[in-house]
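Single-structure report; data block below.
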Amino acid sequence: MMHSVVGDAEWARIRRDLRFGQVFEGTVVKVPSPGAIGIFVDIGLSVGGFVDCLLLPEQSEDWPAEGTVAEFEIWWVDSRRQIRLKPSDSRYLRSDFTGFVERVRPHWSSDIGRPVRDPGRPPTPDDHTPAAHGGTPRTTGSPRQGS
């Protein structure tokens, strides 16, 4: 699936339903410079997903290849209108991921389940209550049954 640039209203609609740590099944659609940039992933939305090389194994031959279907979690979303992902499968994560998270994103575990909010918008009470949203949603674009 090729992704076009979405408009403001569509981006706001998509973001409204996203949560950090939310799991999507995705297909790796492009590995432009193995070992250098990252991988592009189709997660079934009108915006693309991207896994930064910093989250992937050091050796690019350990990266998921184009066509690989795997689960990915929402790691970050910002104004780029692209969903930043992290692989759920530890085979596709950097070997020191736990230490990496402690250094660069020490509050990751408390972010899981929180809504992805628009940059510049002050947090709301809902942004800090993952339990109110039933924990970490697991989706393939729409909620997956039985997960």
Side-chain angles (χ1 to χ4, degrees), residues 3 5-6 8 10-66 68-144 146-147:
H3 297 285
V5 177
V6 298
D8 291 342
E10 176 70 0
W11 181 231
R13 185 194 64 74
I14 291 168
R15 285 180 66 114
R16 188 172 38 246
D17 296 330
L18 300 177
R19 303 278 182 262
F20 290 112
Q22 184 174 351
V23 176
F24 286 85
E25 184 176 78
T27 302
V28 177
V29 293
K30 189 167 185 175
V31 183
S33 297
I37 297 171
I39 60 174
F40 292 90
V41 180
D42 181 351
I43 56 173
L45 298 176
S46 58
V47 294
F50 180 76
V51 181
D52 191 285
C53 64
L54 291 174
L55 298 175
L56 295 165
E58 187 174 322
Q59 302 301 317
S60 61
E61 56 268 10
D62 295 331
W63 290 16
E66 288 180 14
T68 300
V69 176
E71 290 189 339
F72 296 89
E73 301 173 33
I74 295 178
W75 173 255
W76 193 253
V77 177
D78 58 26
S79 61
R80 286 177 274 205
R81 295 182 189 195
Q82 180 183 72
I83 299 171
R84 295 295 176 128
L85 303 166
K86 81 171 202 54
S88 296
D89 187 330
S90 62
R91 292 178 300 166
Y92 301 133
L93 278 174
R94 61 186 292 147
S95 60
D96 66 339
F97 181 74
T98 301
F100 173 79
V101 170
E102 289 171 0
R103 290 189 309 277
V104 302
R105 194 151 178 211
H107 302 292
W108 168 244
S109 62
S110 64
D111 285 343
I112 295 173
R114 289 187 180 166
V116 171
R117 63 181 185 88
D118 290 327
R121 181 180 67 78
T124 67
D126 282 346
D127 290 348
H128 301 290
T129 56
H133 303 289
T136 304
R138 299 176 58 80
T139 70
T140 57
S142 59
R144 188 181 317 154
S147 293

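Small disclaimer: the values here were computed from a predicted structure and weren't measured.
Using a 4.5 Å cut-off on side-chain heavy atoms (C-beta onward), P64 and L56 make contact. Within the 4.5 Å cutoff, the side chain of R114 has no heavy atoms near those of the R19 side chain. Using a 4.5 Å cut-off on side-chain heavy atoms (C-beta onward), W75 and V101 make contact. V51 places none of its side-chain heavy atoms less than 4.5 Å from the side chain of F40. Between V116 and I74, the closest side-chain pair of non-hydrogen atoms falls below 4.5 Å. With contacts defined as side-chain heavy-atom distances shorter than 4.5 Å, the pair F100/L54 qualifies. At least one side-chain heavy atom of L45 sits under 4.5 Å from a side-chain heavy atom of I83. I37 places none of its side-chain heavy atoms less than 4.5 Å from the side chain of C53.
Using cut-offs of 30° and 60° on the angle between ring planes, the pair W108 and F20 is perpendicular.
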> Checking side-chain contact (heavy atoms from CB on, under 4.5 Å) for the pair R105/H107: CA distance, chi angles, key distance, verdict?
Replying inline: CA-CA 6 Å; R105 194 151 178 211; H107 302 292; 5.9 Å; no
>> Could you walk me through whether W11 and V47 satisfy the side-chain contact (heavy atoms from CB on, under 4.5 Å) test, starting with their C-alpha distance in whole Å, then the side-chain angles of each, then the deciding distance to 0.1 Å, before giving a yes or no?
In response: CA-CA 8 Å; W11 181 231; V47 294; 3.8 Å; yes
> Can you check salt bridge (charged side-chain N to carboxylate O under 4.0 Å, His left out) on D96 and R103, steps first, answer last?
Replying inline: CA-CA 11 Å; D96 66 339; R103 290 189 309 277; 3.5 Å; yes
> Can you check side-chain contact (heavy atoms from CB on, under 4.5 Å) on V41 and T27, steps first, answer last?
Replying inline: CA-CA 5 Å; V41 180; T27 302; 5.8 Å; no
>> Let's go through E66 and V29 carefully: what are the C-alpha distance in whole Å and the side-chain angles of both, what is the deciding distance for side-chain contact (heavy atoms from CB on, under 4.5 Å) to 0.1 Å, and is it a yes or a no?
In response: CA-CA 5 Å; E66 288 180 14; V29 293; over 6 Å; no
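Scanning all heavy atoms of the two residues, the minimum distance from D42 to G44 falls at OD1-N, 2.8 Å. Across every non-hydrogen atom of Q22 and D17, the tightest pair is OE1-O, 3.4 Å. The heavy-atom pair separating R81 from V6 by the smallest distance is NH1-O, 2.6 Å. In terms of heavy-atom proximity, L85 sits nearest to L55 at O-CD1, 3.4 Å. Considering every non-hydrogen atom in both G35 and S60, the closest pair reads N-CB, 3.3 Å. Contact record, S46 with I14: OG-CD1, 3.2 Å, taken as the closest heavy-atom pair.
Within 6.0 Å of CD on E10 lie more than 12 heavy atoms contributed by other residues, nucleotides or ligands.
We find that D62 and R94 are not joined by a salt bridge, their nearest charged nitrogen and carboxylate oxygen being 4.0 Å or further apart.
Remark: aromatic rings of F72 and F24 are distant, center separation not under 6.0 Å.
Atom CG of residue D89 and atom CD of residue E71 lie 9.0 Å apart, to the nearest 0.5 angstrom.
In this view, L93 and K86, P87, F97 satisfy the side chain to side chain contact (heavy atoms under 4.5 Å, CB included) rule, not counting sequence neighbours.
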